[in-house]
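If you're wondering where the values come from, they're calculated on a predicted model, not measured in any experiment. Worth knowing before you read on, the calculation uses all heavy atoms, side chains too, and leaves out hydrogens, waters and symmetry mates.
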Amino acid sequence: MSETGQPGAHEAVTPEPSEGTQPVRGGRRKASGPKSVRQNTLIVMAGTLGSRLSGVLRQQIINLFDNTTMDAFTMAVKVPNLLRELLAEGALVNSFIPVYKSLNTVERRRLAQAFSGVMIAVNLVLTALGILGAPYVVDLLLASESNVDPVLTLYMTRLVMPFLMLISLSSVAMGLLNADEHFKESSFAPVAFNIASIIALLLLPQQATWLAMGWLVGGLAQLVVQLPALNRFGLLPRPALTGHPALGRVLRQMAPFTLTAGTRQILNIYVSRLLSNAQLFPAGTQAGYTNAEALFTMANGLFVVSPALALFPRFSQLAADGHWPAFRALTLQAMRSTTFMAAPVSALLVALAPYAASIFNLTGSVPETRLAATSGILAGWALALVPWALVTILLRTFYARERTRDAVVVSAAGFVLEVALYNLLVPLIGFWGFGVSTAISGVLMTLALLFLYRRAVPLPLDSLLAHLSRVLPLAALAGALAWVMSRFLPQPGPLLPSLLVLAVAGGTGLAAYLAGAVLLRMPEVDGVVRRLRRG
């Protein structure tokens, strides 16, 4: 038991809807117990871990290409990714699930048909416009004096544009499965993307054309592996350009997300131009940024986004039922558990960033400029992991209540602030400026979201503040211990020696963190111990 005698963050949330049927809009639905929340979280975390690890392997293979090819490819895939964020993934899932959960079974199927038809039509138009307008988009992304080849970037951009349709349809499939809390297939679909891309990269010649084609093969695989599950659960829609009364609600919910994503793309465009500026950074910097992004998203996806994704349908159901005590308890549980996991990872990434960057140095031949960019950007971003864990959870609570305007205003303001901080700090402190800017933005967004949350749903913060006052110092000590230990081990270099240092120094730091958590009788550790004893 914890010091307070209350369940730990991984234990049952009280009050929770009792087993049995709970009233929902459009019918009655059996409520899942807390055990299914844990199972869903573990499934999503396992899928995310598989996705991120296979994604690192894919990125290792891409790092075998020279700076010219990899920089151009990295810039080219930004174009469909910019559009996909505007239409699919976060915008789709966060706007679609609350509306979908409020309908009965028949109306859910009708909404899925109408929505998937609209998505296909819109993506066909955008793919065509993307191919035709690629020269203008590439000019927008690259600095006037660029360290990235503009001709090669334009060629590869046109090749990868169909990826937009594939990933958007995959997001529709993921949204349908997640809405009914079928997480296994959707969580492991990105693994199929990475495996298919890896096979294509290994079998096809090491040329720019086939690097782009491997990306398309992966996108197709990510869509196809979800279709059997959709069919098995009776969720496979037959897309049709028809209307539905709830379609307008989904589109209205998507509009603010699209605005937020658009604001974020301003940041991405600014970063792309900044990194491609030959007066500031050498060739290979864009590739290093992508490497750092792959490592950061692995940590963030596993310890932050996965729990948030698994809990989002539950947040939506509790909001639909008007069960606000359980909603509030679930919010606190999610914030405590995610920060408990994110804090040591943040500290260890800061301490061991050069060794983490060497993960991509398979043969010891990766250019030093690329490794330096990876290490510097990753170390800075790691500082932002804890505040963005809080932002991620809090944003989901607003989406679940269909309070998207508040979330959008805060998100847009945060991204604008981040751009301003990049402009101020990157010239002053170099690569660290990216992460410090993101961390400051994350802290301010957390404070704003907590203020807005508490205006609608009373949320006692004493337990969260006490939790952070123990977690953050413990994480700092763990990071310091790992850094000191790394001083007595081999310097960063090729993959295998660097992995050894990460295992020894990182493992020691993590063990120290967990030992401290046990000594402080933190509820998160206590909950795990109780479950192990029961097992």
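The heavy-atom pair separating Thr127 from Leu164 by the smallest distance is OG1-CD2, 4.0 Å. Taking each heavy atom of Ala475 and Ala347 in turn, the nearest pair found is O-CB, 3.0 Å. The heavy-atom pair separating Ala356 from Leu295 by the smallest distance is O-CD1, 3.5 Å. When all heavy atoms of Met161 and Gly130 are compared, the pair lying nearest together is CE-CA, 3.6 Å. Scanning all heavy atoms of the two residues, the minimum distance from Pro387 to Ala439 falls at CG-O, 4.1 Å. Heavy atoms only, all atoms of each residue included: Ala382 and Leu349 are closest at CB-CB, 3.6 Å.
In terms of the side-chain hydrogen bond (donor to acceptor under 3.5 Å, both in side chains) criterion, residue partners of Thr331 (sequence neighbours excluded) are, by chain and number, Tyr453. Annotation: side-chain contact (heavy atoms from CB on, under 4.5 Å) contacts of Thr157 (sequence neighbours excluded): Ala76, Val79, Ala134, Val138, Thr153. Applying the side-chain hydrogen bond (donor to acceptor under 3.5 Å, both in side chains) rule to Thr438 yields the partners Glu418, Tyr422; only residues at least two apart in sequence or on another chain are considered. In terms of the side-chain hydrogen bond (donor to acceptor under 3.5 Å, both in side chains) criterion, residue partners of Ser54 (sequence neighbours excluded) are, by chain and number, Asn194. Remark: Leu348 engages Ala482, Leu510 in a side-chain contact (heavy atoms from CB on, under 4.5 Å) (not counting sequence neighbours). Taking Phe303 as the reference, nothing meets the ring pair (Phe, Tyr, Trp, His ring centres under 6.0 Å) condition, with sequence neighbours excluded. Contacts of Arg110 classified as side-chain hydrogen bond (donor to acceptor under 3.5 Å, both in side chains), with partners at least two apart in sequence or in another chain: Glu107. Residues meeting the side-chain contact (heavy atoms from CB on, under 4.5 Å) test with Ala114, sequence neighbours left out: Thr242, His244, Leu247. Here Leu449 pairs with Val391, Leu394, Leu395, Phe398, Val410 under the side-chain contact (heavy atoms from CB on, under 4.5 Å) rule; sequence neighbours left out.
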Hey, can you pull the donor-acceptor pairs under 3.5 Å for the side chains in residues 224-237, sequence neighbours left out?
residue	atom	partner	partner atom	Å
Gln226	OE1	Met174	N	3.4
Gln226	NE2	Ser170	O	3.4
Gln226	NE2	Ser170	OG	2.9
Gln226	NE2	Gln222	O	3.1
Arg232	NH2	Glu185	OE2	2.6

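The list of salt bridge (charged side-chain N to carboxylate O under 4.0 Å, His left out) pairs with a residue in residues 292-303, not counting sequence neighbours, is empty. Evaluation of the salt bridge (charged side-chain N to carboxylate O under 4.0 Å, His left out) test over residues 438-456, restricted to residues two or more places apart or in two chains, returns none.
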Review point. After noting the C-alpha distance and the side-chain angles of Val436 and Leu421, does the key distance pass the side chain to side chain contact (heavy atoms under 4.5 Å, CB included) rule?
Key: CA-CA 9 Å; Val436 172; Leu421 290 172; over 6 Å; no

Point to revise | Phe315/Tyr399 under side chain to side chain contact (heavy atoms under 4.5 Å, CB included): CA gap, chis, key distance, verdict | key: CA-CA 9 Å; Phe315 275 124; Tyr399 302 152; over 6 Å; no

Exercise for review: Please report the C-alpha distance between Thr392 and Thr338 in whole Å, then the side-chain angles of each, then the deciding distance to 0.1 Å, and finally whether the side chain to side chain contact (heavy atoms under 4.5 Å, CB included) criterion is met.
Suggested key: CA-CA 10 Å; Thr392 300; Thr338 53; over 6 Å; no

Practice item. Please assess Met341 against Val345 for the test side chain to side chain contact (heavy atoms under 4.5 Å, CB included), listing each intermediate value before the final yes or no. Key: CA-CA 7 Å; Met341 294 184 291; Val345 175; 5.9 Å; no

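Expressed to the nearest 0.5 Å, how far CD of Gln333 lies from CZ of Arg328 amounts to 14.0 Å. Interatomic distance, CZ of Phe193 versus CD1 of Ile198, reported as 10.0 Å (0.5 Å rounding). Atom OG of Ser337 sits about 7.0 Å away from atom CG of Leu311, to the nearest 0.5 Å. From Ile359, atom CD1 reaches atom CG of Asn291 across 10.0 Å, with rounding to the nearest 0.5 Å. Distance check, rounded to the nearest 0.5 Å: CG of Leu169 to CG of Leu223 gives 5.5 Å. Arg336 contributes atom CZ, which lies 5.5 Å from atom OG of Ser463 (distance to the nearest 0.5 angstrom).
Between Val125 and Leu129, some side-chain heavy-atom pair lies under the 4.5 Å cut-off. Side-chain atoms of Leu474 and Met522, non-hydrogen and from C-beta on, do get closer than 4.5 Å to each other. Taking the side chain as every heavy atom from C-beta outward, Thr339 and Met335 never approach each other to under 4.5 Å. In this structure, the side chains of Tyr513 and Val471 come closer than 4.5 Å at one or more pairs of heavy atoms. Counting heavy atoms from C-beta outward, Met298 and Ser51 have side chains that stay 4.5 Å or more apart. Between Gln317 and Phe312, the closest side-chain pair of non-hydrogen atoms is not below 4.5 Å. Using a 4.5 Å cut-off on side-chain heavy atoms (C-beta onward), Asn300 and Trp381 make no contact. Contact annotation: the side chain of Leu332 approaches that of Pro460 to within less than 4.5 Å [non-hydrogen atoms, C-beta and beyond].
Side-chain N or O atoms of Ser168 include none that pairs as donor or acceptor with a backbone N or O of Met165 at under 3.5 Å. Looking only at distances, no side-chain donor or acceptor of His323 sits under 3.5 Å from a matching main-chain atom of Leu318. In this structure a side-chain-to-backbone donor-acceptor pair under 3.5 Å is present from Ser197 to Gly214. Although no hydrogens or angles enter the test, the distance criterion places no donor-acceptor pair under 3.5 Å between the side chain of Ser441 and the main chain of Ser437. Distance alone, capped at 3.5 Å, places no donor-acceptor pair between the Ser346 side chain and the Ala342 backbone.
In this structure, Trp388 has its ring center at least 6.0 angstrom away from the ring center of Phe296.
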